[in-house]
Protein chains: 2
Amino acid sequence: MAVTINKIADLCGVSRGTVDRVLNNRGRVKKETEIRIREIANQLGYTPNMAGKQLAIRKKALTIGLILIAEGNAFFDDVIRGVQSAEKELQDYGVTVQIKTMKGYNVYRQLQLIDEIKDKVDALIINPISVPAIATKIDELVEDGLCVITVNTDIENSKRLCYIGSNYTRCGQTACGVLGLLTGGRAHIGILTGSNKVLGHNERIKGFKEVCKKKYPDFKIVGYGETEDDDIKAFEVTNKLLSEHPEMDAIFVVAAGVYGVCRAVLSFGREHEITIISCDSIPTTIEMMKQGVIKATICQQPFIQGNKSVHTAFNYLVSGEVPENKQFIVQSEIKIVENL
Amino acid sequence: MAVTINKIADLCGVSRGTVDRVLNNRGRVKKETEIRIREIANQLGYTPNMAGKQLAIRKKALTIGLILIAEGNAFFDDVIRGVQSAEKELQDYGVTVQIKTMKGYNVYRQLQLIDEIKDKVDALIINPISVPAIATKIDELVEDGLCVITVNTDIENSKRLCYIGSNYTRCGQTACGVLGLLTGGRAHIGILTGSNKVLGHNERIKGFKEVCKKKYPDFKIVGYGETEDDDIKAFEVTNKLLSEHPEMDAIFVVAAGVYGVCRAVLSFGREHEITIISCDSIPTTIEMMKQGVIKATICQQPFIQGNKSVHTAFNYLVSGEVPENKQFIVQSEIKIVENL
DNA sequence: TTGTATGCGTTATCAT
DNA sequence: ATGATAACGCATACAA
């Protein structure tokens, strides 16, 4: 039978209350008894019982807040689905989530949203803009006792509890690996990123180039473009790239704007000559895969990102459980039309 | 606030005990009160509280038994890791798992193991041999009130609670899709299956051929071999195939014996000319991928298969929760060396 | 500084 | 057929 707080109390000849105070660092207990209790607890390998905790804590309704740069970005639809699924799974324990979305990389707006939400929630899950101002803000929140988790994008040198999301470098490496296999290691590549101000996009390109260098000496990157995560902009810039580089026979779409890129390739009638690899799988991307325009896409388990971040926040709030790893990295999944 | 059994009792003017008897079909309650209670419960949308259930049920130690055809099959190592992880996650609730392993497709042996374990467990998770004798046995167990879940291999027309595992057809389709992309849709393919008596292997081949037919008219399947899931046998039969079909430039390894196949290809010095696609990722397969001998492998989330099956059994035992789908199908994951 | 009582939602065992 | 009561493990308010 598992060891409970009661058993420890018996063994130490004190009351449950005292053991509780020690094990949850509530103070107000004599040093020497504290030491004794801790010793016995460790020795017996005490682990708090979740069901008990959850039942007792039920009186307090927990609110978990989310700030996501989700507007106009279909990728986040699945993240939100994961969040909502977690809310449902945790409804027994009185958990409510509150999602605030924003559009684009407006630091001021994100700070504003943080201030709006911070006093209403027990934990904050944020898809942060990776700039010092946000990092500082996160640290402030944590100092004030709020539980903060970064999702999808990390700010490593901040005091957040943990990061849940992908390894962008890995995604880029995988993309290059796939492209290498599809082209036999010989291609003239156009890279269409979202913005060269976004860390994640740059890391994907970095990973891509690493593999290029190590394994595919005959890969030539012939041009770059920025889609600004917008299909129209993507369409224009891809058109330009295709005109300037008729030798281009492969495209890596690093971020959003995938559909715009595809439409440009289609407008040149070159969809059969150009191997397109993209990231993530939103409906328009899936449609393009079904039409054979996109050959493969590298996904980052958005549902799990949303779901796991809520569960992690909840576990921390309920039992002070700190994740064993500061980063929970989702898989870089290769999807083709057959395994969508 | 969520609706509890207590609230229902109040509203109906009865005691919790009565409500409990009704909602858990324990009988011994007057028809008309039963109807009234059910009505109110439905109306209020009562959902049992997990934490409460789990605390109360804790007195009974639950045992979940597993029968896996795991010996000599490294694929199952990850399944078992998933099972053990689930055991740890559920230890708070007094769950113990008991794993029995066997080697090869010996129906009599499997029946024997079932008889050994059936009276000692509250649920049985089985990786069944797909023959009528086992199906009948499963039905008997279920009739006797045991909870039975099939894992990794299903027996669809049986009374098992549900199946947790892959869609083998899908795996084969994915393999063909990948091969199509890697070869430009033109290849002379050798197929090395485990045994043509194993349903899953045949389904993979079926899926592979489907995509061949639909998308890749220039794929020619030039030969078949059976590895009997054994590396030595695989080595021999692949050697034979390579001798008889020098035009062969692609291999789909359907089941185990992957390493033997690779060694044969290496012994012919043809590892650069032959595109090998395999299934699953055991250590020797990973090694061959790193050496570039295998280009891609299609995986079926073994850890999740093990983990999820235990959790599903637990949920059923604790709350009678029947899975919403009779089949929980894991993803067919494409793995290359970059995203292993 | 410590102990006790009460309650969270459910199940199980009595007693009626 | 039904109700009352005691667990299960933990948190907390209150008493000492």
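Both backbone and side-chain heavy atoms feed into the values below; hydrogens, waters and symmetry mates do not. Small disclaimer: the values here were computed from a predicted structure and weren't measured. So that the names make sense, note that chain A is the first sequence line, chain B the second, and so on, each numbered from 1.
Residue whose closest nucleotide on DNA chain D sits further toward the 5' end, between B:Gly13 and B:Leu55: B:Gly13. Across the interface with DNA chain D, nearest-nucleotide mapping of B:Ile57 and B:Lys31 shows B:Lys31 to be the residue nearer the 5′ end.
The residues A:Asp78 and A:Arg81 are annotated as salt-bridged, a charged nitrogen and a carboxylate oxygen being separated by less than 4.0 angstrom. Classification of A:Arg36 and A:Glu32 as a salt-bridged pair fails, no side-chain N sitting under 4.0 Å from a carboxylate O.
The closest side-chain heavy-atom distance from B:Asn49 to B:Thr4 is not below 4.5 Å. Residues B:Ile155 and B:Asn157 are in side-chain contact: their nearest non-hydrogen atoms beyond the backbone lie under 4.5 Å apart.
Between the C1' atom of C:dT10 and the CG atom of B:Leu317 lies a distance of 17 Å, rounded to the nearest Å. Following rounding to the nearest Å, B:Lys7 (NZ) and C:dC8 (P) show an atom-to-atom distance of 10 Å.
Under 4.0 angstrom from either OP1 or OP2 of C:dT1 there lies no side-chain N or O belonging to A:Thr33. Close to C:dG3, at under 4.0 Å from its OP1 or OP2, lies a side-chain N or O of A:Thr18.
Of all the residues in residues 19-28 of chain B, B:Asp20, B:Asn24, B:Arg26 reach under 4.0 Å from DNA chain C with at least one non-hydrogen atom.
The side chain of B:Val14 lies closest to D:dG3, out of D:dG3, C:dT10, D:dC10. With C:dC8, C:dT11, C:dT2 as the candidates, the nucleotide lying closest to the side chain of A:Lys30 is C:dT2. Candidate nucleotides D:dC10, C:dG9, D:dA4 were compared by shortest atom distance to the side chain of A:Lys53, and D:dC10 ranks first.
Using a 4.0 Å heavy-atom criterion, one finds that B:Asn49 contacts the sugar-phosphate atoms exclusively.
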Could you check A:Glu89 against A:Ser85 for side-chain hydrogen bond (donor to acceptor under 3.5 Å, both in side chains), going step by step and ending with a plain yes or no?
-> CA-CA 6 Å; A:Glu89 288 149 27; A:Ser85 170; 2.6 Å; yes
Would you check, one step at a time, whether the test side-chain hydrogen bond (donor to acceptor under 3.5 Å, both in side chains) holds for B:Arg109 with B:Gln112?
-> CA-CA 5 Å; B:Arg109 175 77 183 126; B:Gln112 194 179 14; 3.3 Å; yes
